[in-house]
Amino acid sequence: MATYIIYLLIIGLVAGALARLLLPGRDPIGLLGTVVLGVVGSFVGGFLGDEIQLHHWSHSFHTSGLLWSVLGSLIVLGVARLTTHGRA
């Protein structure tokens, strides 16, 4: 279980960092915020991939899972920017 949590945090960090790099703009969320962005984005991307049946849950690493995680992180980051525009 601890290995799975570490794996989840690493994938979250990678997905969140890639989303922040791909979506230009300033995001003052720090390292922990980037991990949370990536983890939430992974859930969103996994849900979307499962709904359109292009990605299925698996307990092993797949490139498509990382791509869906980044896509989900981009969606979450975009929504966060739209809802908090001018507040930060």
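Keep in mind the model is a prediction, meaning the values are calculated, not measured. Reckoned from all heavy atoms, side chains included, excluding hydrogens, waters and symmetry mates.
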Which donor-acceptor pairs under 3.5 Å do side chains of residues 32-41 form with protein atoms, sequence neighbours excluded?
| residue | atom | partner | partner atom | Å |
| --- | --- | --- | --- | --- |
| T34 | OG1 | R20 | NH1 | 2.7 |
| T34 | OG1 | G30 | O | 2.7 |

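Under the 4.5 Å side-chain criterion, counting only non-hydrogen atoms from C-beta, L31 is in contact with L13.
The two residues A19 and V70 make their nearest non-hydrogen contact at CB-O, 4.3 Å. Shortest non-hydrogen contact noted between P24 and L22 is CD-O, 3.3 Å. When all heavy atoms of R81 and R26 are compared, the closest pair comes out as NH2-N, 4.4 Å.
In this structure, CD1 in I52 is found 11.0 Å from CZ in F47, a value given to the nearest 0.5 Å. Interatomic distance, L9 CG to I5 CD1, rounded to the nearest 0.5 Å: 7.5 Å. Between atom CG of residue L23 and atom CG of residue L18 there is a gap of 12.5 Å, rounded to the nearest 0.5 Å.
Residues L67 and L21 fall into different hydrophobic clusters, defined by Ile, Leu, Val, Met, Phe, Trp and Tyr side chains chained together at heavy-atom separations under 4.5 Å.
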